[in-house]
Amino acid sequence: KAVNRMQICRAEYRAIGRFMEQLRPTRQHMKTLQTQFPHLPPSSLLSIFSQEYQKRMKRSMARHHAPDVVKAYYQRYRSEAKTRPTAPLLLELANQVDLSPALLARLIVECFLEEREASVPASRHVLNNMLREPYLIPDLLLAKHVEQCTVNDCCYGPLVDCIKHAIGLEHEDMLRDKLRERNLSFLDENQLRAKGYDKTPDIILEVPIAVDGHIVHWIESKASFGDDHSHRTYLNEQFWSYCNRSDHKPQSDTITTASEHKMITRETVKLMMMSSRET
């Protein structure tokens, strides 16, 4: 089947990024984004927003993690929990200070545990378990507010991590199925590791193929939108090591999206094979 491609020029991508600056990672704001750009798939918009929002959080993380700021967040929450216990307090606070609800919940739970344990820092294991399973938090009201953050945050948190992991596995399976349909001989990541390779692409083609006039030796599947920043990051952290082994250098010339917010770039040694879901 032909891949359903849809090109987004950089000017439009920048326009989407500027509009996203005023948004928060909630379902209500995702609906606003879809209304503003109805011609783009919702999954593409969510992927773009997630990446742009994570950049925003990285830029402001130090400010939110300052000890006096964290203390102020916690004291404000405890105070309002006494007067407005039924309100979505952590969600409201997260929106007001422009911090991911899931990240704010983590800070608040950490303060709560330190307060209970006489200022002894909570172990990462205990903290992560409480965020994944809020019912483990001894304070039932706090547990409810933490759960609200986890459910409503579309960019961070244990729920989002599970979804991303599942999508990644699903599309790796789709990739292998597509290769088998075309009778292409390949080795996947598990087979390569069994042979002793440490850092490998998802697929190495045992017989290279030609795509759009370029020779493809290996395939890396990424279940995310491929903007310029992510391409540079992946090149530095992964792709150059693959290229150096085969002496082939990538030559990217465009940004193209396919269905399910997948990114396809024309590169001599990288191919992301995407297709529309069956309906």
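- At a threshold of 4.5 Å between non-hydrogen side-chain atoms, the residues D188 and L192 do not count as touching.
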CA sep, side-chain torsions, deciding dist, call: Y74, F112, ring-ring contact (aromatic ring centres under 6.0 Å, His included): CA-CA 8 Å; Y74 183 64; F112 169 76; 7.4 Å; no
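- Side-chain atoms of S185 and L205, non-hydrogen and from C-beta on, never get closer than 4.5 Å to each other.
- Between D227 and the options K55, R232, R14, a salt bridge (charged side-chain N to carboxylate O under 4.0 Å, His left out) holds for only K55.
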Full working for side-chain hydrogen bond (donor to acceptor under 3.5 Å, both in side chains) between Q54 and S50: CA-CA 6 Å; Q54 287 174 27; S50 179; 3.1 Å; yes
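- In terms of hydrophobic clustering, with Ile, Leu, Val, Met, Phe, Trp and Tyr side chains grouped at heavy-atom distances under 4.5 Å, L142 and L103 are assigned to a common cluster.
- Between Y77 and H145, the ring centre distance stays below 6.0 Å.
- Among pairs with a residue in residues 16-30, those fulfilling salt bridge (charged side-chain N to carboxylate O under 4.0 Å, His left out) read R24-D98, at least two apart in sequence or across chains.
- Of all the heavy atoms in S100 and Y53, the pair that sits closest is N-OH, 3.0 Å.
- One finds the CG atom of L40 at 5.0 Å from the CD1 atom of I16 (value rounded to the nearest 0.5 Å).
- Ion pairing between R106 and E110 fails under the 4.0 Å rule for side-chain N and carboxylate O.
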side-chain contact (heavy atoms from CB on, under 4.5 Å) between E12 and H39, worked out: CA-CA 12 Å; E12 182 176 22; H39 61 291; 2.5 Å; yes
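- Neither side chain, D202 nor S221, offers a donor N or O lying under 3.5 Å from an acceptor on the other.
- Remark: the backbone N or O of Q75 is not paired with any side-chain donor or acceptor of S79 at under 3.5 angstrom.
- A donor-acceptor pair under 3.5 Å is absent between the side-chain atoms of R56 and the main chain of E52, judged by distance alone.
- In this structure, a donor-acceptor pair under 3.5 Å is absent between the side chains of T32 and Q36.
- Side-chain atoms of N129 and R132 include a donor-acceptor pair closer than 3.5 Å.
- Side-chain contact between Q28 and L23: absent, with no pair of heavy atoms (C-beta onward) separated by less than 4.5 Å.
- Taking OH of Y234 as the start and NZ of K222 as the end, the distance is 4.5 Å to the nearest 0.5 Å.
- Between D228 and R10, at least one side-chain N (NZ, or NE/NH1/NH2) sits under 4.0 Å from a carboxylate O, which counts as a salt bridge.
- Minimum interatomic distance between C154 and M30 (heavy atoms only, all atoms of both residues): SG-CG, 3.9 Å.
- Side-chain atoms of T83 come within 3.5 Å of backbone N or O of E80 as a donor-acceptor pair.
- Between the CZ atom of F186 and the CD1 atom of I203 there is a distance of 5.0 Å, given to the nearest 0.5 Å.
- Follow the hydrophobic side-chain contacts under 4.5 Å out from V97 and you never reach L91; the two are in separate clusters.
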Intermediate values then yes/no, side-chain contact (heavy atoms from CB on, under 4.5 Å), R84 and E92: CA-CA 12 Å; R84 299 192 301 131; E92 292 177 357; 2.8 Å; yes
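- Aromatic ring orientation, F225 versus Y13: parallel (interplanar angle below 30°, classes split at 30° and 60°).
- Across K144 and P85, no two heavy atoms sit closer than the pair NZ-O, 3.7 Å.
- Using a 4.5 Å heavy-atom cutoff, the side chains of L90 and V146 are in contact.
- By the 6.0 Å contact criterion, NZ on K71 is open, its count of non-hydrogen atoms from other residues, nucleotides or ligands being 12 or less.
- Here the straight-line distance linking atom OG1 of T150 with atom CG of D161 works out to 10.0 Å at 0.5 Å rounding.
- Cluster membership check: V160 does not share its hydrophobic cluster with L33, using side-chain heavy-atom separations under 4.5 Å among Ile, Leu, Val, Met, Phe, Trp and Tyr.
- A heavy-atom distance below 4.5 Å is found between the side chains of L107 and H65.
- Both Y135 and M130 belong to a common hydrophobic cluster when Ile, Leu, Val, Met, Phe, Trp and Tyr are linked at side-chain heavy-atom distances under 4.5 angstrom.
- Residues V151 and L136 do not share a hydrophobic cluster, clusters being chains of Ile/Leu/Val/Met/Phe/Trp/Tyr side chains in contact below 4.5 Å.
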Full working for side-chain contact (heavy atoms from CB on, under 4.5 Å) between V207 and L184: CA-CA 8 Å; V207 179; L184 297 175; over 6 Å; no
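- Here the shortest heavy-atom pairing between P25 and P101 reads CG-CD, 3.7 Å.
- Shortest non-hydrogen contact noted between K164 and C155 is NZ-O, 3.9 Å.
- L175 CG to E172 CD: the interatomic distance, rounded to the nearest 0.5 Å, is 8.0 Å.
- Under a 3.5 Å cut-off, the side chain of T35 and the backbone N or O of K31 do form a donor-acceptor pair.
- Atoms CG and OG1, on N95 and T26 in that order, are 6.0 Å from each other to the nearest 0.5 Å.
- In terms of heavy-atom proximity, P88 sits nearest to Q148 at CA-OE1, 3.4 Å.
- Contact check for K195 versus Q191: no side-chain heavy atoms found under the 4.5 Å cut-off.
- The side-chain heavy atoms of M20 and I48, taken from C-beta on, include a pair separated by under 4.5 Å.
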Worked check of side-chain contact (heavy atoms from CB on, under 4.5 Å) between I108 and V70: CA-CA 8 Å; I108 298 301; V70 174; over 6 Å; no
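- By the 4.5 Å heavy-atom criterion applied to side chains, L187 and T200 are not counted as neighbours.
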